[in-house]
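First up is the structure itself, then whatever we jot down about it.
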There are 2 protein chains.
Amino acid sequence: MNEAQYPIQLVARLTGLSAHVIRIWEQRYRAVEPQRTATRRRLYSQRDIERLNLLREVTHAGHSIGQVAQLPMAQLQKLVAASLNLQGRATHAVGETPAPSSFLDECVAAIKSLDGHALDDALKRAATALGALGLLQRVVAPLTQTLGELWREGTLTSAHEHFATATIRVFLGNLAKPFGAVDDAPVLIVATPAGQVHELGALLVGAIAANLGWQVTYLGTSLPAAEIAGAARQTRARAVALSLVYPEDDPRLEGELTLLRASLPGEVKLLVGGRAMAAYREALEKLGALPIGNLAQLGSTLDLLRKPKSKARQ
Amino acid sequence: MNEAQYPIQLVARLTGLSAHVIRIWEQRYRAVEPQRTATRRRLYSQRDIERLNLLREVTHAGHSIGQVAQLPMAQLQKLVAASLNLQGRATHAVGETPAPSSFLDECVAAIKSLDGHALDDALKRAATALGALGLLQRVVAPLTQTLGELWREGTLTSAHEHFATATIRVFLGNLAKPFGAVDDAPVLIVATPAGQVHELGALLVGAIAANLGWQVTYLGTSLPAAEIAGAARQTRARAVALSLVYPEDDPRLEGELTLLRASLPGEVKLLVGGRAMAAYREALEKLGALPIGNLAQLGSTLDLLRKPKSKARQ
DNA sequence: ATAATTTATACAAAAATTAGACAAACACAG
DNA sequence: CTGTGTTTGTCTAATTTTTGTATAAATTAT
């Protein structure tokens with residue numbers, strides 16, 4: 001564990017605190033007490049840096065440094081999580097990444113025991129540790145898959161699934177409105193078409209898009225094509241994103257998709273993703289829909305769509 | 001258990017009270033007496049904050065601070081629950097009277113134009129102006145009715161309804177976790193039975209119950225009786241609340257309700273409310289379900305059920 | 001030598017404290 | 001309805017505490 005290698009200037013850059021503040025916090029409150037070289041130079045460890053990051057968060061949230069400086073890490077994390085209740089802000093942590101899978105396990109355990117508070121708590125901590133996008137890619141996305149598997153094998157009932165959806169929904173909903181209204185942000189409609197009842201994929205898309213600067217209008221699940229198209233026209237959306245997950249063999253879905261494409265203005269792009277997407281690939285190709293195979297692809301596709309018009313408009 | 005570290009400024013933000021008021025309430029009525037630092041700075045605990053939140057609700061409902069400031073928490077919660085009765089009364093303390101209907105209009109307008117940001121904003125302002133419970137009974141509850149009417153008369157499409165549900169859902173979800181887990185709080189399961197697809201009523205119940213000190217496990221819509229009963233057993237719930245709104249003539253629903261009652265432990269109470277409740281009244285009576293005709297009734301019923309186990313808690 | 005760190009000290013802005021004053025709203029007796 | 005005293009939220013002012021930032025001299029790294 002002798003990994004204390006970071007000089008103060010670098011720590012300052014990594015934490016966003018000035019070297020002055022870091023020293024004074026140590027001198028006055030013993031907030032962190034780094035190792036020293038033989039000549040009394042400070043050498044900070046990863047843990048020290050993480051602690052400083054937490055302290056920055058907590059003080060930024062309104063706590064006084066003098067009161068929180070000596071609290072143990074767990075307590076600090078709790079305070080940060082509590083402060084997230086009001087302002088869903090995502091912060092990118094440094095290079096720690098404390099076992100991303102453990103967050104997943106925590107979430108699964110909380111869902112199994114129907115403990116909403118524990119689930120919310122785990123998600124919050126994951127959000128602070130991994131940042132918004134990291135949370136989505138490394139916890140929520142795998143979680144939806146895991147839930148599907150556990151459900152198929154009978155470990156979880158649909159009550160668990162509903163419960164998890166309800167809790168995660170609120171969490172992602174908060175994540176999806178990080179920025180103040182940017183009026184010139186392009187609008188994205190997110191929904192699942194009629195017959196598709198799984199919601200988490202759509203929520204995921206909405207949250208990611210919002211974090212990429214889109215103005216997301218989230219419509220929820222199982223919506224007829226005409227409704228989606230109507231909403232797109234009304235909001236002058238630039239694109240519509242659909243998530244297809246569960247019924248992989250719905251004969252009516254192709255008709256819905258065709259109708260949707262026909263009802264949408266030509267310049268409105270249609271993004272389609274989700275586990276069940278592959279089953280409808282031919283139909284989607286015919287319609288010129290953009291297939292989204294994974295979250296990375298979603299990000300790059302959204303970025304592509306974001307540029308064209310905002311340039312022309314400026 | 002050294003959990004007192006919130007400085008007054010932060011508490012002011014969290015409770016919506018000014019620091020002035022918080023201090024004067026302490027000086028005049030000893031409403032809350034926070035810990036002090038060695039230099040006489042106030043340090044509030046989460047419990048203190050919770051108490052201040054309750055006091056804000058109660059005074060906002062029209063009680064005078066001098067009369068309620070010293071009441072124990074349980075009593076305050078009871079008053080808050082009872083304040084749901086004062087639905088008709090419009091005016092109370094201080095010259096606010098911010099025309100509660102205007103909030104409603106704002107919300108409806110935002111929903112019509114599918115503007116999630118505006119809707120969220122209106123709800124937020126209503127929440128600070130009216131308090132959590134005031135928001136629920138004077139904005140959200142009427143809103144669900146208004147939406148139903150507009151939908152029936154064709155002004156709104158189901159896209160609007162989905163959109164509104166999704167946004168309000170997130171908002172109510174946040175409202176439903178007022179503060180730290182109180183471990184001895186009774187558990188309430190909230191859901192709609194299979195076939196019932198309207199969610200807002202259930203969300204409303206969940207949010208209100210959470211604000212009255214229940215630990216709410218929210219399961220969402222259209223859940224089979226066996227699943228609901230399973231969740232109730234697993235969480236050792238004290239009661240199950242169902243919301244019935246849309247299909248008023250579902251022949252299977254009676255069977256679902258009977259099955260649910262039979263699958264639940266005898267001591268678990270069954271609360272049923274919602275616009276469609278009347279249509280199933282006979283069946284409900286036979287099952288010994290507690291009918292919830294309005295929000296006031298919900299408050300008093302929850303308060304009654306709350307007592308048996310927990311008695312005195314500061 | 002130049003740049004970075006360390007320690008100690010100083011300083012100023014922000015935040016919190018107490019005490020007191022004041023006006024609007026309210027309750028109630030006449 | 002009016003007048004009176006009480007309640008309650010807001011405000012000011014003077015003081016103390018907290019906290020971030022700056023300065024200076026000595027020491028160390030490159």
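Below, read A as the first sequence line, B as the second, and so on, with proteins coming before strands; counting in each chain starts at 1.
Between the CZ atom of Arg30(B) and the P atom of dT8(D) there is a distance of 16 Å, rounded to whole Å. Across the protein-nucleic acid pair, Ile22(A) atom CD1 and dT7(C) atom P stand 14 Å apart, rounded to whole Å. Regarding Glu26(A), its CD atom lies at a distance of 17 Å from the C1' atom of dT19(D), rounded to whole Å. Remark: P of dT18(D) and CG of Leu43(B) are 10 Å apart, rounded to the nearest angstrom. Note: CD (Gln9(A)) to P (dA3(C)) measures 14 Å, nearest angstrom. One interatomic measurement links the two molecules: OH of Tyr29(A) to P of dT17(D), which rounds to 14 Å at whole-angstrom precision. Across the protein-nucleic acid pair, Ile8(B) atom CD1 and dT18(D) atom C1' stand 15 Å apart, rounded to whole Å. Spacing between atom CZ of Arg23(A) and atom P of dA22(D) amounts to 13 Å, rounded to whole angstrom units.
Regarding contacts with the backbone of dT21(D), a side-chain N or O of Ser18(A) is found under 4.0 angstrom from either OP1 or OP2. Residue Ser64(A) places at least one side-chain N or O closer than 4.0 Å to OP1 or OP2 of dT19(D). Contact annotation: Trp25(A) reaches the phosphate of dG20(D) (side-chain N/O to OP1 or OP2, under 4.0 Å).
Legend: residues meeting salt bridge (charged side-chain N to carboxylate O under 4.0 Å, His left out) with Arg36(B), ordered by chain and number and at least two apart, are Glu26(B).
When the nucleotides dA15(C), dT7(C), dT9(C) are ranked by their closest atom to the side chain of Ile24(A), dT9(C) comes out on top. When each of dG9(D), dA16(C), dT21(D) is scored by its nearest atom to the side-chain atoms of His20(A), the top-ranked nucleotide is dT21(D). Each of dA29(D), dT18(C), dT18(D) was ranked by its minimum atom distance to the side chain of Arg41(B); first place goes to dT18(D). Among the nucleotides dT8(D), dC11(D), dT17(C), the one closest to the side chain of Arg42(B) is dT17(C).
For the residue pair Ser45(A) and Asp48(A), a side-chain donor N or O sits within less than 3.5 Å of a side-chain acceptor on the partner. In this model, no donor atom of one side chain and acceptor atom of the other lie less than 3.5 Å apart for Tyr6(B) and Gln67(A).
Minimum interatomic distance between Thr59(A) and Arg56(A) (heavy atoms only, all atoms of both residues): OG1-O, 3.0 Å.
Between Arg36(B) and Thr39(A), the one whose closest nucleotide on DNA chain C sits nearer the 5' end is Thr39(A).
Across all strands, Thr37(A) comes closer than 4.0 Å to no nucleic acid atom at all (heavy-atom distances).
Evaluation of atom-type donor-acceptor distances gives a pair under 3.5 Å for the side chain of Arg28(B) against the base of dG9(D). For Arg40(A) and dT6(C), a side-chain-to-base donor-acceptor distance below 3.5 Å is absent, hydrogens and geometry of angles not being considered.
Looking at Val139(A) and Cys107(A), their side chains come closer than 4.5 Å, going by heavy atoms from C-beta outward.
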